[in-house]
There are 2 protein chains.
Amino acid sequence: MSVAPGLYDVIERRRDVRAEFTGAEVPDEVLARVLGAAHAAPSVGHSQPWDFVLVQDRRTRARFHEHVTAERATYAASLPPDRAATFDRIRVEGVLDATLGIVVTHDPDRGGPQVLGRHAIDDAGLYSTCLAIQNLWLAATAEDLGVGWVSFYREPFLRELLAVPERVRPIAWLCVGPVSHHHDVPDLERHGWRQRRPLADAVHHEAYGRRR
Amino acid sequence: MSVAPGLYDVIERRRDVRAEFTGAEVPDEVLARVLGAAHAAPSVGHSQPWDFVLVQDRRTRARFHEHVTAERATYAASLPPDRAATFDRIRVEGVLDATLGIVVTHDPDRGGPQVLGRHAIDDAGLYSTCLAIQNLWLAATAEDLGVGWVSFYREPFLRELLAVPERVRPIAWLCVGPVSHHHDVPDLERHGWRQRRPLADAVHHEAYGRRR
């Protein structure tokens, strides 16, 4: 996309995509822009603790898909009947349909033992990796690509699948690729799983729970 | 700002601001757009686990500033002499200079006991809150506001200061407000603390550590 779309427009259009991937190719220069946006995220102590593993291999994806399918069944079995019926209609991943998977990992040792700003809050490094994911997601949306964050997996499985070192955590499997369209309304709203919370409920003044 | 700036431009201009806050007013409608952008972030199971506490009270900010100053000293004392000298030149917060603080909190109980997509990865809720922070940061940048994430604090202190309930976690104190200018280069690079990692080092193919 050559005309730069406005930030608010991108934020509004961004969806968590499951079913709309076409599988079409993503040009290298587009992928480079999307990864560059992720890599430009802020990070505690400028530690840049993220990495991106690009997965296209069909066998790797088939193994992951099988694992995710089993985790979906485990979750479904935990639900009361009415929620299980709603959940039954909801797709949770597009691992095989998307053009590629981008697995974002977090290295807690990046930046050495004295990361500036992490002495009091160890999770601050993890937060940085998430900021990179949101930059990636928005950039992909601006490029008319879909992104779907798959979270139905166990970290140890994914670590072994991609030979991720012991202390490095896989944070997200993102399905990425061109899509037929972006829905206006998030899947989980459309399917009656959960509705949007009014912004006013999320805003507090001077102290938690205090409303203006 | 009425002309919508392009996403990549905003991502590129975004800085972690410490010293450049002017303290000028932020119009209500601008703040509403910035918070609306944060609130439009994706979240696991559509749980929207974030909240935003807007802090302008000078006494609250003075108490937080005092705590941050003490934590800065604790960190400085942990450094070897050469790093301590570099750190001495670096500002870590603009708590009193910024127009307001936005404290972003995370409620792990939002969405009930069966959040879709969190049964296997409990931290997935926390990740969602971080995605909201990055949306906020980019929207503020698009509005020509500065944002500075303060992480020199202990969570229990901030929880008590803002009456945050026991299980809710304060994730970030963001200093927000108009700035005199945005630096081209991140503070920590300008001051020789840490340099940018090449993007190529962060990209792996098919498995962690495998280069194309």
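Proteins get letters first, then strands, A, B, ... in listed order; numbering begins at 1 in each.
With values rounded to the nearest 0.5 angstrom, A/R33 atom CZ is found 5.5 Å from B/Y8 atom OH. Interatomic distance, CZ of A/F87 versus CG of B/L116, reported as 5.0 Å (0.5 Å rounding). In this structure, CD in B/Q48 is found 10.5 Å from CG in A/L199, a value given to the nearest 0.5 Å. Taking CG of A/L54 as the reference point, atom CZ of B/R210 lies at 12.0 Å (rounded to 0.5 Å). The distance from atom CD1 of A/I171 to atom SG of B/C130, rounded to the nearest 0.5 Å, is 10.0 Å. Between B/T60 atom OG1 and A/E206 atom CD the span is 6.0 Å, to the nearest 0.5 Å.
Within a 6.0 Å radius of CG in A/D184, no more than 12 heavy atoms belonging to other residues, nucleotides or ligands are found. For A/E29, the CD atom is densely surrounded, since the number of other residues' heavy atoms within 6.0 Å is greater than 12.
Interface remark: of the candidates B/A32, B/S151, B/G36, B/S151 forms the most heavy-atom pairs closer than 4.5 Å to chain A. Highest contact tally toward chain B, considering only A/G209, A/S78, A/A41, A/S47, is held by A/S47 [criterion: heavy-atom pairs under 4.5 Å]. Chain B forms the most heavy-atom pairs under 4.5 Å with one residue out of A/R154, A/R159, A/R14, and that residue is A/R14. Highest contact tally toward chain A, considering only B/Y75, B/F152, B/W137, is held by B/Y75 [criterion: heavy-atom pairs under 4.5 Å]. Interface summary for chain A: among B/P42, B/P80, B/A40, B/A163, the most heavy-atom pairs under 4.5 angstrom belong to B/P42. Each of A/L162, A/L126, A/L131 has some count of heavy-atom pairs under 4.5 Å with chain B, and the biggest count is that of A/L131. Ranking A/D16, A/D123, A/D107 against chain B, the residue ahead of the rest is A/D123, based on heavy-atom pairs under 4.5 Å. For chain A, the option among B/R118, B/R196, B/R72, B/E155 with the highest count of heavy-atom pairs below 4.5 Å is B/R196. The most heavy-atom pairs under 4.5 Å with chain B, out of A/E12, A/R169, A/R212, come from A/R169. Contacts with chain B were tallied for A/L35, A/V164, A/V53, A/V55; A/V53 has the most, counting heavy-atom pairs under 4.5 Å.
Side chains of B/H205 and A/Q56: no donor on one and acceptor on the other come within 3.5 Å. Counted by atom type alone, B/Y127 and A/Q134 present zero donor-acceptor pairs between their side chains at under 3.5 Å.
The contact between B/V34 and chain A is made by backbone and side chain atoms together, counting heavy-atom distances below 4.5 Å. Of the atoms belonging to A/A132, not a single heavy atom falls under 4.5 Å from chain B.
The shortest non-hydrogen separation linking A/A142 to B/L7 is CB-CD2, 3.7 Å. Summarising the geometry of A/D201 relative to B/D51, their closest heavy-atom pair is O-OD2, 3.6 Å, with the distance given to 0.1 Å. Nearest heavy-atom pair, B/E71 versus A/A120, reported as atom, atom and distance to 0.1 Å: OE1-CB, 4.1 Å. The two residues B/H39 and A/P198 have their closest heavy-atom pair at NE2-C, 3.8 Å.
No side-chain heavy atom of A/W149 sits less than 4.5 Å from a side-chain heavy atom of B/V44.
Tested against A/Y208 for a side-chain contact (heavy atoms from CB on, under 4.5 Å), the candidates B/T105, B/L161, B/V103 yield a single pass: B/T105.
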